[in-house]
Structure formats: C-alpha cells, structure tokens
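Shown next, in structure tokens, is the structure this report addresses.
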There are 2 protein chains.
Amino acid sequence: MTKKKLGTWRIDRQLVEQISRHAAFGRRRKFKKNSVLYEQGEVSTRFYFVLKGLVQISIFRADGSEVVLELMGPETVCGEGSAFDGLPRFSSAAAIEDTEAIEFDTSKMTEIFRAHPEFATSLLRVTSLKQRVVAIRLKHLASREPQDRIMELLTRLEEMFAIDHPKGRLLVTHVTHEQIATMTGTSRVTVTRTLQRLREQNRIDIVDGHILLKRRPNAN
Amino acid sequence: MTKKKLGTWRIDRQLVEQISRHAAFGRRRKFKKNSVLYEQGEVSTRFYFVLKGLVQISIFRADGSEVVLELMGPETVCGEGSAFDGLPRFSSAAAIEDTEAIEFDTSKMTEIFRAHPEFATSLLRVTSLKQRVVAIRLKHLASREPQDRIMELLTRLEEMFAIDHPKGRLLVTHVTHEQIATMTGTSRVTVTRTLQRLREQNRIDIVDGHILLKRRPNAN
DNA sequence: GCCTTCTCGTATAGGGCGATACAGCCCGGC
DNA sequence: GCCGGGCTGTATCGCCCTATACGAGAAGGC
C-alpha cells in the first residue's frame, strides 16, 4: 500500500532547500543541551527550523505524565503549529543535544508571502506533512493492542536511531522495557512479553542488548 | 429540537469568512450521500471546504479496520493535508449525507498567494489547527483506559458543539455509540458500558438522546 | 401502516493485560 | 571477590475488555 517514503520528521531535499532559501527572514539561534525552545501553554508566534542537534517535542498530561511526540533532528521544522494558529502551545520543545536553529516569526508572514508566495507553499507542505505523521501515529495508538503500539514506537525509533545490519536495522540507542512501557502506555511486564512474542514471530531480534528490526518482505 | 448531526470539528467565524472570501478560486461541487470525496492511497492536489452536509474522514488500517478521524460538517476544510504535501492520501473521505463543497486545487496556489497572501495565512491557520487537534487526541489515546479515550472525545465535542444547559453543557451533535467506538478504538459494547458508568459517576447525563456533560467543580 | 434497518441495552464466554511478587543476571563500586 | 541495584524473565490472580449474540425500541422507506 504505502512506501517507506512516508518518512516522518525527515522532509525531502527540495523542501529543505526551499526553506533554507528563506532563512534570511529568520534569525539564527543556539540552544544548549537541556534548554527549552518553547513551553506548553505559552502563546508565541515563533517557530524553528532545526539546523543541528536534537529537539524533543512532548505533551504533558494533566496527571503530569509526559507523552513524547517526536524527536526532531536537523532539517526539520517545529513549533509552527501554535505559531500560526495563535493558540497556546500544545506541546513543549527541549533541546536534548546542543542545537542550532533558525527562528522565524509569523507575525509579519503575510507580507512576506506577497513577495515570496513559494515560501507559503513550502510552509503549507511542512504543516501538511506533520499532520500526516501525527495522523499515522494516531492510527496506531488507536489500537489497544500493545503489539501495535510498541511496533509503532520501534519503527519510529528505527528511522531516527538505527543503522544498517545484515539482518535488518539495528537500534543503536538502548531503551529499557520500562521506558518503552511509559512511552506506549502499557506495563513493563507487557513490554517484556510483547517483545518475546515479536521475537517468536521473527519480526525482531536482540543483538548485544540492542533491538534489531528484521527486514521483512512485506513492509507496512 | 430533534437529533441533529453536525460533526466533530469547527473553525472560528473569522477564519471561515477568510476562506469563503476566496471561494472563487475553487469550484462548487455536490456529493451524494455515500459517495466518496477522496480515497486513501490516491495522489491528488484537491481539497475541500464543506458548505453543507457531513463528511466522514477515516483511516483504514492494514487489517481492514477503520479509524474514524473526524466528521466534518459545514464550514470545515478537509483533504488539504495530502493536497499540499503531494503524497498519497493517508485518509479517506466519504459523504455520509448529501454534501456540497468548494473544491480547491493546490497546483495553482502559489500564484494565487502572490496576489492574496492572506489566503495562504488562512490556510496555514487551518492546517495548524488540525495538527493541534490531532496531537491532543494523541495525548489521550496514549492511555489504554476506555474512559479516558471516550471522555477525550466528549470534551472535544463539547468545545465545538455544546450549548449551555442548566446542569452543564449539552452536545447538540448526535453521535452513535458505534461512532464513538471507532473514533476511540474501543468496542461498541464498551462505549455503552462506559457511558453507563459515567452516568453513575454523575459526570454525564442523557437528555432527549443527547449527551449532557455535567458541570464539575474541578474541571480538568 | 408495515417492514426493514439502525441503535441501544444486556448477557455470556474467553482471553489478555495490569498488579504484584520473586528469582536470575549483569554491572559497577569498593 | 563481595555486595547492591537495576533490568529482565516468569508466575499467579483478578479484572475488564472483546467478540458474539439476542431482543426491544426507534427511525425511516414504501
């Protein structure tokens, strides 16, 4: 049905160039590791085009628990949602590595669009791509099956942190079952059991403590 | 007042006017009940501004099951995601009532933006709002509790389609238990039971077939 | 008005998940 | 080596959800 191309936070070369070409409308900023780009609840017209580093986007729930939406790497855009609709930020963004980004401000955007309508089109492509990614995650989280939820997380991590391996793709980051549990809204025991099951189904393997996602003939 | 079907989505008056003002760039189309506006997987540059009727947006999962994303009533925009990012539609849209809509085509949009930059800004507001709603849904779907999932839907409907009532807020939209089930990833039976339970907990009530969300001292 | 279809309530059986507990293992500190 | 803590693999039990089925009642077509 779908190609692997539906890559999430990675946006295509052409779009990256389009945005980079209008970098002069923003200003370059640096964020130290663990510093905050923006916080849930604040009202702001700023958004960011990440050049280097890694930014974690998360939503905090009423009970204080955190739902990590994305980890945005280089050449991605974040914060544009609340910057354009004018409502309070629905998510927080924190640099989890030293990060450089271009900060844009939407308040003067309409006038910029008049002279540079292609910039508007590029931004619409970006917001549309993000809508797509979130909707696809929602499709998986709509399931109550732990296996769906966990596989969704693993494939997302794969695109971000995996390297090629003879048998498939190897996650270079180490995540504990406990962490997977909190990220997928299941229990630690269920994560252990589910990973076992996935291993029996020959969909994953554990290599030296790291998760290996096996190559599958029929990718979803 | 009889049972009224609206939808699960609404955008503010000002934004509606902004888009209506540019209706001439699209063309008016009619869709019979049960006809399809677009289908998951197809590539298209068209998107729709619904004027009358009701359109169901859903994602079909690999196993064939359906996740209903939204019911789009009058004065809403749909299909703009895939129309702008150029990738295959990630969702399907079907008219579940006779529907009229303005069909826009993104292929000539950049030129339109040059003369009408405010139209670009309006569309960015729309895509941003949708990103917000989906992200917030995701926050709640991260929970496996049916009650969390269902209350999330109800409060979302409340914000868009509720009217004041002596005891709280009354949803003027009528949604069936079946619809709630597909929108929350639970079974129809569980929806019925959960609504019962919420009624016992005095959090909701049913008035003339409509759901009433009772005023609560400590709102979440 | 009659019949069909949809919707809601309810019952049953089966299964899988959460909570909890405990044992084995690895690893680091000393 | 010795010890302690964190992680993983299991086991048990209770609960709640899913699947399925059936009947009552409302809504809609003809």
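Throughout, protein chains are lettered first and strands after them, A, B, ... in sequence-line order, and every chain is numbered starting at 1. For the numbers below, each heavy atom of this structure counts, side chains included, while hydrogens, waters and symmetry mates do not. Note that the structure is a prediction, hence the values are computed from the model and not measured.
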Whether Tyr48(A) and Tyr38(A) hold their rings parallel, tilted or perpendicular, with breakpoints at 30° and 60°: parallel
Any Glu70(B) side-chain heavy atom under 4.5 Å of Val133(B) side chain: yes
Glu178(B) CD - dT20(D) P separation (whole Å): 13 Å
Closest nucleotide among dT10(C), dA19(D), dT10(D) to the Ser187(B) side chain: dA19(D)
Between P of dC17(D) and CD of Glu145(B), the distance in whole Å: 7 Å
Base dG16(C) to side chain Arg197(A), donor-acceptor N/O within 3.5 Å cut-off: no
Touch class at under 4.0 angstrom, heavy-atom based, for Arg144(B) against every strand present: sugar-phosphate
Integer-rounded Å distance: dT18(D) P and Asp148(A) CG: 13 Å
Candidate nucleotides dT12(D), dG9(D), dC7(D), ranked by approach to the side chain of Arg199(A) - the nearest: dG9(D)
Interatomic distance where CD belongs to Gln196(A) and P belongs to dT8(D) [whole Å]: 11 Å
Sugar-phosphate only, base, or nothing, as touched by Arg149(A) at under 4.0 Å among non-hydrogen atoms: nothing
Candidates dT18(D), dG9(D), dT10(C) - which lies nearest the side chain of Thr192(A): dG9(D)
Residue met sooner reading DNA chain C from 5', once Thr194(A) and Val189(B) are mapped to nucleotides: Val189(B)
Atom-pair distance (CD on Gln147(B); C1' on dC15(D)), nearest Å: 15 Å
Residues Glu75(B) and Arg13(B) bridged, charged N to O under 4.0 Å: yes
Distance, rounded to the nearest Å, where Leu195(A) contributes CG and dT8(D) contributes P: 9 Å
Separation of dC6(C) P from Asn34(B) CG (nearest whole Å): 11 Å
Rounded interatomic separation in angstrom, taking CD from Glu97(B) and P from dG28(D): 11 Å
Heavy-atom check, side chain of Ile19(B) versus side chain of Val126(B), under 4.5 Å: yes
Between Thr192(B) and Arg188(B), a side-chain donor and acceptor under 3.5 Å: yes
